[in-house]
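Written below as structure tokens is the structure these notes are about.
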Amino acid sequence: MSTIAERRPPSRGARLIRRWPVRGIVANIALSLILLYVVLAALGPYITPFAPNQVGAGPNLSPPSSEHWFGTDALGRDQLSRVITAARPALLSAVYAVGVALVVGTVIGIVAGFFGGLWDSGLSRFVDLLFAIPEYLLAILVIAVMGSGLVNASLAIGIVCIPRFARIARGSTLSIMERSFVDAARLCGRGRVWIMRRHILPNIASPLVIMTAINLSTAEAAYAALSFLGFGIRPPEADYGSMISSSQQYLLTDPWVVAFPAIAFVVLVLAFNLIGDVMRDQLDPRSRTSAGA
């Protein structure tokens, strides 16, 4: 005979853990790496061994040592301190860009799919126009109008990513619109905004979450590329793209100057990619089916 404890339904916390979409060794590694970057971004000013912009903290182009673990750059600035400090703009750029794309793209997609007609035609042509312009060219054009900097570069990347979210939201909305509960809500006299908020948005959240996780790595890579070209955070502040750009001439003679910021950038992008892949496998039934086939 089973005991009362065995018959008791699982707690709310246990149910949430079971439904949590990022489980497994790969997910734990990726989450741990992202958490590490979050800690570095939050506590960077308090844990760096030197001021990140301090010129002459050590000999110029000094190799890694017990005093300067990552060596120093051409101005004698401590590389470890700058790599730690660069975690903050790296995370913020990805979050800002994807946040803009998620909000604007979702609104465009839901409105186009829900109202149809001229709304769908006009918004779809706008999205097609954004798709037609090469992404980096569009980002540079936006920055040319608004100016360089972390926020403006992130906004430019967000505008570039809007069509991806808009198409996902529109296609998912068109699918949900065929469901009977949408017709039932209309027959009950529910307003359009209420239906979009209570029925459409919750039912298209899964593909949007997957797209968000996947595009974090894309946004970070795009920001690093723009920063490499000089459109990112303003000197002497540190971020991975500008550090690699300013030190590329020393790649053959003093490789550590380029290697450490490049490794930090690759690890962050890899962690975002792993999280995106795990969430896609867990939340998208079609990917699980194809994986098992």
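Keep in mind that this is a model prediction, so the values were computed, not measured.
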Flag for [Y]-[X]: side-chain donor and acceptor within less than 3.5 Å:
| X | Y | answer |
| --- | --- | --- |
| E220 | S93 | yes |
| N215 | R164 | yes |
| Y223 | D239 | yes |

request  = Please say which of V98, L216, I168 ends up in a side chain to side chain contact (heavy atoms under 4.5 Å, CB included) with M211.
outcome  = I168

request  = Check V111, I110, V104 against V107 for a side chain to side chain contact (heavy atoms under 4.5 Å, CB included) and give me the one that passes.
outcome  = V111

inquiry  = Within 45 degrees of the ring normal and closer than 6.0 Å to the centroid, is that where the cationic atom of R88 sits relative to Y240?
reply    = no

Count I, L, V, M, F, W, Y as connected when their side-chain heavy atoms are under 4.5 Å apart, and connections chain through other members. Are [X] and [Y] then in the same cluster?
| X | Y | result |
| --- | --- | --- |
| M196 | L174 | no |
| I47 | V38 | yes |
| L150 | V142 | no |
| L92 | L268 | no |
| L229 | L138 | no |

Could you grab the distance from atom [atom1] of [X] to atom [atom2] of [Y], nearest 0.5 Å is fine?
| X | Y | atom1 | atom2 | answer |
| --- | --- | --- | --- | --- |
| L33 | L270 | CG | CG | 7.5 Å |
| S62 | E67 | OG | CD | 8.0 Å |
| S245 | F228 | OG | CZ | 4.5 Å |
| Q54 | S81 | CD | OG | 8.5 Å |
| T72 | L80 | OG1 | CG | 12.0 Å |
| R82 | S247 | CZ | OG | 8.0 Å |

task = Starting from the C-alpha separation in whole Å, work towards a yes-or-no answer on side-chain contact (heavy atoms from CB on, under 4.5 Å) for R170 and D120.
result = CA-CA 9 Å; R170 176 183 177 274; D120 189 14; 2.7 Å; yes

Do [X] and [Y] have side chains that get closer than 4.5 Å, going by heavy atoms?
| X | Y | answer |
| --- | --- | --- |
| L226 | I140 | yes |
| Y250 | V258 | no |
| I157 | C161 | yes |
| L129 | R125 | no |

Closest heavy-atom contact between [X] and [Y]?
| X | Y | value |
| --- | --- | --- |
| A97 | A219 | CB-CB, 4.0 Å |
| P202 | R198 | CG-O, 3.4 Å |
| E237 | I233 | CB-CD1, 3.7 Å |
| I200 | I176 | CD1-CG2, 3.6 Å |
| L274 | A30 | CB-CB, 3.7 Å |
| A41 | L91 | CB-CD1, 3.9 Å |

request  = Check step by step if side-chain contact (heavy atoms from CB on, under 4.5 Å) holds for Q248 and L251.
outcome  = CA-CA 5 Å; Q248 59 180 327; L251 179 60; 5.6 Å; no

ask   = Using the ring of each side chain (for Trp, its six-membered ring), is F181 parallel, tilted or perpendicular to H199, with breaks at 30° and 60°?
value = tilted

request  = Would you check, one step at a time, whether the test side-chain contact (heavy atoms from CB on, under 4.5 Å) holds for I214 with I210?
outcome  = CA-CA 6 Å; I214 292 174; I210 297 172; 3.7 Å; yes

So, [X] side chain and [Y] main chain: donor-acceptor pair closer than 3.5 Å or not?
| X | Y | result |
| --- | --- | --- |
| S172 | A169 | no |
| D73 | G76 | yes |
| S217 | V269 | no |
| R77 | F50 | no |
| T85 | A238 | no |

A quick test of your reading: do over 12 heavy atoms of other residues, nucleotides or ligands sit less than 6.0 Å from [atom1] of [X]?
| X | atom1 | result |
| --- | --- | --- |
| F131 | CZ | yes |
| L187 | CG | yes |
| R197 | CZ | yes |
| W119 | CH2 | no |

task = Given side-chain contact (heavy atoms from CB on, under 4.5 Å), test I143 with L155 step by step and report yes or no.
result = CA-CA 9 Å; I143 293 175; L155 179 59; over 6 Å; no

